[in-house]
Amino acid sequence: MSLRLAFKLFIFILCVNASAAVAQPLNFERFADEFGGRQSSVYGIAADPRGFLWFAGDTDGLLRYDGYQLTRWAGADDTLGRVSYSSVLYSQTEDLWAAAWGSGLLLWNHPSSRFHVFNTDNSDLPDNRVQILFEDSTGKIWVGTLNGLASAATTGVTALNASNPLHKERIWGAAEHNQELWFATTSGLYRTDMNNTHWQQYLPFPEQFGNNRVNEIRTVQVIDERIWVGLDGGIFEFEPKTEQFIAVTFPANYQGIPRPQINVIYSQGDHRLWAGAENGLYAVDSQQRQFIAHANGDFVLARDVDVRQIISDSSGALWLGSRDQGIFRSRSVGTEIRLVAEQAPQAIQTQLHRTISVVYVAENQDVWFGISNGVARLNTRAD
């Protein structure tokens, strides 16, 4: 195979695999630049309209990734000292919100260039241990704490009425579907109107109601107009019409595998889901409601990583926030890509095995690759 033909094939395979990201094998490596390698727990990741990724951690505070390196956003830390962050949200109005575990709710208002802190001393925030942030379709910010739910605006925080059961519940997650809000809590799944004035509670295992974690919902996501929840007992689809929780199972020939404790659910498209668990990352076929085995027969990627957050960047790479192990990033390891790349000159092989964001073939048949720290050029013409 000529070098030029090899790299035309390389480009074709790269484009095909980009549309089937779940099916292709992935490796995860810890992100280890100056800040990334020293993070402990990263519970929140968000993308802003400019393509930057924001990481909420408990080591160096809020970090921003610009495609090349992480930089520390020092605004809040300069005011409060060391802050442990649990969630970050970039709103429709381009305000930066951050949830802090013990320090309350933090806001950087870009139009006014002002920094605000809302806590139990100066607002109606139910608890200074803020766990999640969620923006609904109307632009309202919902703040889930260890001890209840509230709404927030740049002018302040509004607590729920004391008669509302979410007033004191621990809030793990939030989602919106058909002009209704869904909240994952310690006491099951709650469905409310957009103002949170009418509510209904659903328990996955009502027969085991009591002082235990059996019915604790740790995450809720609306994907393909379907409601998915994660809990200690695995991942379930909730059907509003029947009010039933339907479990995702392992294929029949893999019976006996314990269902993982699910912390986060993320859509990968094409009826595939990623499910971040306490022991790694699982893939799910949402049509069959089954976990997917990978090429080696294993069901778990990033094994032994307690995955708490998942997001993909503009290049298609997956980012994982984890408990106690920092940040992980995926890289493709398709055997066809590896084989063709290894036919390249030795000097370019290492660069081609990294995450490639773009490929361009020039008029003179030179091939340009966008890589993590710059660009690489391959001269395919025979000298």
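Quick note: residue numbers are just sequence positions, from 1.
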For I265 and V284: C-alpha separation, side-chain torsions, deciding distance, then whether side-chain contact (heavy atoms from CB on, under 4.5 Å) applies.
CA-CA 10 Å; I265 302 167; V284 172; over 6 Å; no
Would you check if [X] and [Y] make a side-chain contact, meaning some heavy-atom pair closer than 4.5 Å?
X: W182; Y: V229; value: no
X: S137; Y: M194; value: yes
X: I217; Y: W172; value: no
X: S322; Y: D324; value: no
X: R289; Y: F236; value: no
X: T186; Y: E169; value: yes
X: S87; Y: V130; value: no
X: Y254; Y: Q290; value: no

Give me the atom names and distance for the closest heavy-atom approach of [X] to [Y].
X: L125; Y: N119; result: CD2-CA, 3.9 Å
X: S40; Y: D58; result: CB-OD1, 3.3 Å
X: A100; Y: L106; result: CB-CD1, 3.8 Å
X: T154; Y: N109; result: CG2-ND2, 3.8 Å
X: I311; Y: A47; result: CD1-N, 3.8 Å
X: L281; Y: V307; result: N-CG2, 4.4 Å

Could you tell me whether F299 and Y282 have their ring centroids closer than 6.0 angstrom?
no
I need the [X] [atom1] to [Y] [atom2] distance, nearest 0.5 Å.
X: F28; Y: S330; atom1: CZ; atom2: OG; value: 5.0 Å
X: N196; Y: N164; atom1: CG; atom2: CG; value: 5.0 Å
X: N178; Y: I227; atom1: CG; atom2: CD1; value: 8.0 Å
X: D232; Y: E278; atom1: CG; atom2: CD; value: 7.0 Å
X: Q200; Y: L189; atom1: CD; atom2: CG; value: 10.0 Å
X: N147; Y: D127; atom1: CG; atom2: CG; value: 5.0 Å

Check this for me: does any side-chain nitrogen of one of D298 and R303 sit under 4.0 Å from a carboxylate oxygen of the other?
yes
Tell me whether R64 is salt-bridged to D66, with the criterion being a basic N under 4.0 Å from an acidic carboxylate O.
no
Test ring pair (Phe, Tyr, Trp, His ring centres under 6.0 Å) applied to F238 and Y202, Y190, W228, the passing residue:
Y202
For W319, the option from F55, W54, Y266 that meets ring pair (Phe, Tyr, Trp, His ring centres under 6.0 Å):
F55
Any luck finding a side-chain donor-acceptor pair between [X] and [Y] under 3.5 Å?
X: Q39; Y: D60; value: yes
X: T185; Y: S187; value: no
X: R30; Y: Q325; value: no
X: Y90; Y: R50; value: yes

For V42 and Q309, run side-chain contact (heavy atoms from CB on, under 4.5 Å): C-alpha distance rounded to whole Å, both residues' side-chain angles, the deciding distance at 0.1 Å, then the answer.
CA-CA 8 Å; V42 174; Q309 189 60 270; over 6 Å; no
What verdict does the salt bridge (Lys or Arg N to Asp or Glu O under 4.0 Å) test give for D224 and R226, after you've listed the backbone C-alpha separation in whole Å, the side-chain angles of each residue and the deciding distance to 0.1 Å?
CA-CA 5 Å; D224 295 331; R226 298 159 69 184; 5.8 Å; no
Can W97 and V143 be said to form a side-chain contact (heavy atoms from CB on, under 4.5 Å), step by step?
CA-CA 10 Å; W97 295 85; V143 184; 5.8 Å; no
Checking V264 against Q221 for the side-chain contact (heavy atoms from CB on, under 4.5 Å) test, could you report, in this order, the C-alpha distance in whole Å, the side-chain angles of both residues, the deciding distance, and whether it holds?
CA-CA 9 Å; V264 60; Q221 293 291 332; 5.5 Å; no
Per the salt bridge (charged side-chain N to carboxylate O under 4.0 Å, His left out) rule, what does the pair list look like for residues 189-209, sequence neighbours excluded?
E180-R191
F31 six-ring centre to R329 NZ/CZ under 6.0 Å and within 45° of normal
no
R272 to W274 six-membered ring, cation-pi geometry met (6.0 Å, 45°):
no
